[in-house]
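Notes follow the structure.
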Number of protein chains: 2
Amino acid sequence: MNSQVEENYLKALFYLSIDNEDGVSVKVLSKHLDIKMPTVTSMMKKLAAKHLVNYESYKPLKLTEKGTKEAALVIRKHRLTEMYLVEKMHLGWEQVHDIAEQIEHIKSPEFFSKMDELLGYPKIDPHGSPIPDKNGKMVWKAYNKLSECKVNDTVKIAAVINTSDEFLTFLNGRDISLGLEMTIQSIEQFDNTIVVSYNKHSSETLSHRVCERLLVEKY
Amino acid sequence: MNSQVEENYLKALFYLSIDNEDGVSVKVLSKHLDIKMPTVTSMMKKLAAKHLVNYESYKPLKLTEKGTKEAALVIRKHRLTEMYLVEKMHLGWEQVHDIAEQIEHIKSPEFFSKMDELLGYPKIDPHGSPIPDKNGKMVWKAYNKLSECKVNDTVKIAAVINTSDEFLTFLNGRDISLGLEMTIQSIEQFDNTIVVSYNKHSSETLSHRVCERLLVEKY
DNA sequence: TAATTTTGTTAGCCTATTCTAACTTTTTAG
DNA sequence: CTAAAAAGTTAGAATAGGCTAACAAAATTA
Ligand SMILES: [Mn+2]
Ligand SMILES: [Mn+2]
Ligand SMILES: [Mn+2]
Ligand SMILES: [Mn+2]
């Protein structure tokens with residue numbers, strides 16, 4: 001059984017591996033977890049001893065098959081929890097991450113399979129991220145960043161890349177949530193700011209920074 | 001903020017203090033937590049430094065006012081969780097204790113107040129134990145042990161003293177649950193075994209050991 | 001290629017929580 | 001009122017996770 005701390009390292013490696021196919025550096029993992037490099041190195045040796053990470057001095061870190069699966073199963077619990085908190089407990093999508101960060105470590109298969117059942121076996125979490133299945137398999141749909149769309153495109157918000165309280169509260173303030181349809185009115189060439197319209201919002205201006213963090217489905 | 005381990009010590013002291021008005025011995029606390037006496041001693045010194053326990057060498061242990069309140073608030077979270085798991089997630093009353101033992105340590109006031117709200121501010125948990133209020137105040141109703149009742153008494157099951165999986169599964173097997181009304185048919189003088197009737201069970205024999213762990217309301 | 005900078009590792013130390021062995025105080029028996 | 005037993009404490013060590021300082025390797029720069 002992995003400890004809470006070990007699980008958090010596995011998750012971090014899993015996330016960072018998405019952008020770094022050839023492995024994750026100690027530096028990057030250290031920054032991500034806000035844990036000093038020497039501590040990370042020693043934990044990597046420990047996880048290597050448990051066959052969860054392939055570790056070789058000075059080489060990029062890679063999760064093993066086993067480590068990948070265990071990481072995905074923690075992420076599964078995290079995302080199921082977030083979905084449960086939003087759907088069944090009516091907490092805001094900006095509140096649930098921090099709670100899920102803790103509940104994901106609860107040791108109780110029945111608890112999570114009951115959540116799954118009550119939710120009707122959801123495929124995505126409240127932020128649009130896919131929930132890995134019981135075998136740790138996860139498939140990302142091919143979404144586009146809003147920042148990459150063109151004028152007059154009509155799109156549906158499918159997922160948010162950043163799940164920080166601040167970003168989600170920003171979106172709440174503009175009534176932007178998953179499933180919302182919007183049309184791109186104009187794009188400012190100078191700074192890539194996009195003006196969109198949706199529902200009662202006939203002209204909402206979104207910065208490039210924001211648009212890069214919104215994944216959409218095109219029609 | 002108290003650690004998970006500290007919270008478990010506080011809870012244990014709180015429970016053991018109920019029967020031991022004059023304080024809890026290191027021995028008893030050690031046995032209860034299955035942690036060796038020297039470890040308990042050092043934790044008591046630590047909790048004393050935090051003003052949660054009154055500790056004096058060789059004297060019985062007592063929670064301070066502050067310690068009592070913090071313990072009660074952890075118990076509140078434990079019992080709210082158990083109630084939530086039974087009422088909203090449809091888990092069995094024999095399954096919820098182990099999960100609540102973990103969830104009680106989650107740091108998130110909103111999570112627990114939402115639970116409380118969704119449950120309609122319950123006063124008791126699924127085992128009939130009172131849920132402390134937000135100030136840590138808890139009142140036990142004056143129930144009787146089934147073992148202390150007389151022939152022909154009609155009683156309602158109000159609480160179970162033992163909340164182990166085994167005991168509750170034993171009760172499940174006999175369709176005994178909170179709120180059940182039963183009538184005492186006879187009491188065997190030799191071993192205090194009690195024969196009761198209820199619903200479709202016209203003659204169920206319960207050992208003294210079992211009857212001592214069932215709290216009832218008399219009619 | 002040689003010097004620098006960046007990244008990664010080692011060594012040594014810290015806190016939290018636990019343990020065993022040895023010693024001390026209290027309690028209980030006789 | 002002693003002497004043995006029980007309960008409690010002290011000392012020393014272990015494990016999990018973290019940190020800093022110093023050193024080493026790899027990657028960059030010049
Ligand atoms: Mn999250
Ligand atoms: Mn976590
Ligand atoms: Mn319980
Ligand atoms: Mn607990």
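In what follows, every chain begins at residue 1, and chains take the letters A, B, ... in the order their sequences are listed. Heavy atoms only: backbone and side chains are in, while hydrogens, waters and symmetry mates are out.
We find that NZ of Lys31(B) is positioned 13 Å from C1' of dG8(D), with the value rounded to whole Å. Rounded to an integer number of Å, the gap from CD of Gln4(A) to C1' of dA16(C) is 15 Å. Note: CG (Leu29(B)) to P (dT9(D)) measures 11 Å, nearest angstrom. The separation between Leu47(B) atom CG and dA16(C) atom P is 12 Å, rounded to whole Å. Here the P atom of nucleotide dA16(C) and the CD atom of Glu7(B) are 16 Å apart, to the nearest Å. Separating the NZ atom of Lys36(B) from the P atom of dA16(C) is a distance of 23 Å, rounded to the nearest angstrom. Protein atom CE of Met43(B) is 10 Å distant from nucleotide atom C1' of dT18(C), rounded to whole Å. One atom, CE of Met37(B), and another, C1' of dT10(D), lie 13 Å apart when rounded to the nearest Å.
Residue Thr39(A) places at least one side-chain N or O under 4.0 Å from the OP1 or OP2 atom of dC19(D). Listed pair Thr41(B) / dT9(D) meets the phosphate criterion, a side-chain N or O lying under 4.0 Å from OP1 or OP2. Contact between the side-chain N/O atoms of Ser25(A) and the OP1/OP2 oxygens of dT7(C) is not found at any separation under 4.0 Å. Phosphate proximity of dT7(C) to Lys27(A): present, with a side-chain N or O under 4.0 Å from OP1 or OP2.
Taking every side-chain heavy atom of Tyr9(B) into account, dT18(C) is the closest of dT18(C), dT9(C), dG8(D). Side chain of Ile35(B), nearest nucleotide from dT7(C), dT18(C), dG8(D): dT18(C).
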Side-chain polar contacts of residues 103-113 of chain A - donor-acceptor pairs under 3.5 angstrom, sequence neighbours left out - could you list them?
unit_1	atom_1	unit_2	atom_2	d
Glu104(A)	OE1	Lys11(A)	NZ	2.8
Glu104(A)	OE1	His78(A)	ND1	2.8
Glu104(A)	OE2	Lys11(A)	NZ	2.9
His105(A)	ND1	Glu7(A)	OE1	2.6
His105(A)	NE2	Asn8(A)	OD1	3.0
His105(A)	NE2	Glu101(A)	O	3.1
Lys107(A)	NZ	Asn2(A)	O	3.3
Lys107(A)	NZ	Glu7(A)	OE2	2.8
Ser108(A)	OG	Glu110(A)	OE1	3.2
Ser108(A)	OG	Phe111(A)	N	3.2
Ser113(A)	OG	Pro109(A)	O	3.2
Ser113(A)	OG	Glu110(A)	O	3.4

Side-chain donor-acceptor distances from residues 60-67 of chain A under 3.5 Å, at least two apart:
unit_1	atom_1	unit_2	atom_2	d
Thr64(A)	OG1	His51(A)	O	2.8
Thr64(A)	OG1	Leu52(A)	O	3.2
Thr64(A)	OG1	Lys66(A)	N	3.4
Thr64(A)	OG1	Gly67(A)	N	2.9
Lys66(A)	NZ	Lys50(A)	O	3.1

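Between Glu94(A) and Asn172(A), the side chains place a donor N or O and an acceptor N or O closer than 3.5 Å (distance only, hydrogens not considered). For the residue pair Trp93(B)/Asp125(B), the side-chain donor-acceptor check at 3.5 Å is not satisfied.
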Nucleic acid footprint by protein, nucleotides 21-26 of chain C - heavy-atom cut-off 4.0 Å, B for base, S for sugar-phosphate alone: B--BS-
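A perpendicular orientation is assigned to the rings of Trp140(B) and Tyr143(B), their planes being inclined by more than 60° (bins at 30° and 60°). Ring geometry for Tyr15(B) against His32(B) counts as tilted: the plane angle lies between 30° and 60°, on a 0 to 90° scale.
Counting non-hydrogen atoms under 4.0 angstrom, Ser3(A) reaches the backbone sugars and phosphates but no base. Across all strands, Lys45(A) comes closer than 4.0 Å only to sugar-phosphate atoms, never to a base (heavy-atom distances).
Using a 4.0 Å cut-off between charged side-chain N and carboxylate O, Lys123(B) and Asp133(B) make no salt bridge.
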